[in-house]
Participant: 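After the structure tokens below, expect a handful of questions from me.
Values in this document were obtained by computation on a predicted structure and should not be read as measured data.
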Amino acid sequence: MVSIPKQPGDNVTIGDLRGHLVELLALAETSEKPRPTRVHPAEHAMPGQEWAVEAHMPKVVYDHFYRRERDGWLIRATDAVDDADCIFISTPDAGDAEDFMAVPTTSARQLAMAILAACDRADAVRTGATSLDFWRAKKARSIQGDQVT
């Protein structure tokens, strides 16, 4: 997370504010399920709903190592009854724009929750914030230490 200075005299650039705003919007976007970006008609190779998620990766570094077909992930849920037990995911570094992997819906839900948990942990580490349980344990230890002395 971008650190915004707390003192009135500190230098804050427009870029710092934009970066902070992007991160706040990303947090807000995880509070409810997004609408599909596209809906593919029945005559499409994979008819159904598609969600496009932009990859906020440093373009210079990423382009140096990978050839990208696009700048994000595509997630599709098809209307085909045969495919109803899975979703299809394509990553930014897929070799082909139509290169999707099938992921069972139960695994996809576990992956989504693990991603949210990892993001929460990364945000906590980056900002120096700790979980409430850790804070409570630390406070309990300090109270016990006060009682011993």
Participant: State which residue, out of Ile89, Ile75, Thr37, fulfils the side chain to side chain contact (heavy atoms under 4.5 Å, CB included) condition with Val53.
Facilitator: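 Only match with Val53 under side chain to side chain contact (heavy atoms under 4.5 Å, CB included): Ile75.
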Participant: Enter the distance from Arg121:CZ to Leu116:CG here, rounded to the nearest 0.5 Å.
Facilitator: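 Output value for this atom pair is 16.0 Å.
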Participant: If you count heavy atoms of other groups shown closer than 6.0 angstrom to CZ of Arg38, is the number above 12?
Facilitator: yes
Participant: Taking all heavy atoms of Met46 and all of Phe100, pick out the closest pair and write down the distance.
Facilitator: SD-CD1, 4.2 Å
Participant: Which value, rounded to the nearest 0.5 Å, describes the distance between His40 atom NE2 and Glu50 atom CD?
Facilitator: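 Result: 3.5 Å between the selected atoms.
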Participant: Below 4.5 Å, heavy atoms only, C-beta onward: do His44 and Arg76 meet side chain to side chain?
Facilitator: yes
Participant: Of all heavy-atom pairs between Val103 and Ala108, which one has the smallest distance, and what is that distance?
Facilitator: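 Taking Val103 first and Ala108 second, the nearest heavy atoms are CG1-N, 3.8 Å.
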Participant: Identify the two heavy atoms, one from Pro47 and one from Pro41, that lie closest to each other, and give their separation to 0.1 Å.
Facilitator: CB-O, 3.2 Å
Participant: Can you find a pair of side-chain heavy atoms, one from Trp73 and one from Pro92, that are under 4.5 Å apart?
Facilitator: yes
Participant: Which pair of heavy atoms, one from Phe88 and one from Thr78, lies closest together, and at what distance?
Facilitator: CE1-CG2, 3.8 Å
Participant: Could you tell me the separation between the OG1 atom of Thr105 and the CG atom of Asp85, rounded to the nearest 0.5 Å?
Facilitator: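 Between atom OG1 of Thr105 and atom CG of Asp85 there are 6.5 Å.
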